[in-house]
Amino acid sequence: PASITDGLLDLVIVGDYGIPGRIRHLPKLKKGTHLGLEKMLHRRVRRVTISCEEPMPMSVDGERVAIDSGFELEIEVLPGALRLLCPART
């Protein structure tokens, strides 16, 4: 499972399922039990560069975004770069 303390990103690349396949697998995607499915590539990485030659749909942290052609995105984990204040447990 994903962890906020391991310094890694969980990268999931979903193959082409078509609309019926997406509908069929939607419950597993929502539950987080999709990683064993065919056409699902899961890797844990510190850095990833995403580029495309043609416009393509993409999901970033569960949000759908449209990527234009010629787009390049580099994502890198910077351990300890973000400080969070959390309420004390009671």
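Hydrogens, waters and symmetry mates are skipped; everything else that's a heavy atom, side chains included, is used.
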Can you sort out the partners of [X] under side-chain contact (heavy atoms from CB on, under 4.5 Å), two or more places apart, ordered by chain and number?
{"X": "Glu72", "answer": "Thr49, Ser51"}
{"X": "Leu78", "answer": "Glu76, Ala81"}
{"X": "Ile23", "answer": "Ile19"}
{"X": "Val77", "answer": "Leu9, Pro79"}

Exercise for review: Check which hydrophobic residues are tied to Leu85 through side-chain heavy-atom contacts below 4.5 Å, counting indirect links as well, and list them.
Suggested key: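 Grouped by the 4.5 Å side-chain rule, Leu85 forms a cluster of one, so the answer is none.
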Point to revise | Selection residues 78-90 - residue pairs positive for salt bridge (charged side-chain N to carboxylate O under 4.0 Å, His left out), sequence neighbours left out | key: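 Every pair satisfying salt bridge (charged side-chain N to carboxylate O under 4.0 Å, His left out) with a residue in residues 78-90: there are none.
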Check your understanding: Excluding sequence neighbours, so at least two apart, what forms side-chain hydrogen bond (donor to acceptor under 3.5 Å, both in side chains) with Arg46?
Key -> none
Check your understanding: What pairs with Asp10 under side-chain hydrogen bond (donor to acceptor under 3.5 Å, both in side chains), at least two apart in sequence or on another chain?
Key -> His42, Arg44
Check your understanding: Are Leu41 and Leu8 in one and the same hydrophobic cluster, where Ile, Leu, Val, Met, Phe, Trp and Tyr link if side-chain heavy atoms are under 4.5 Å apart?
Key ->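 No, Leu41 and Leu8 fall in different hydrophobic clusters.
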Exercise for review: Using salt bridge (Lys or Arg N to Asp or Glu O under 4.0 Å) as the criterion, list what pairs up with Glu53, not counting sequence neighbours.
Suggested key: none
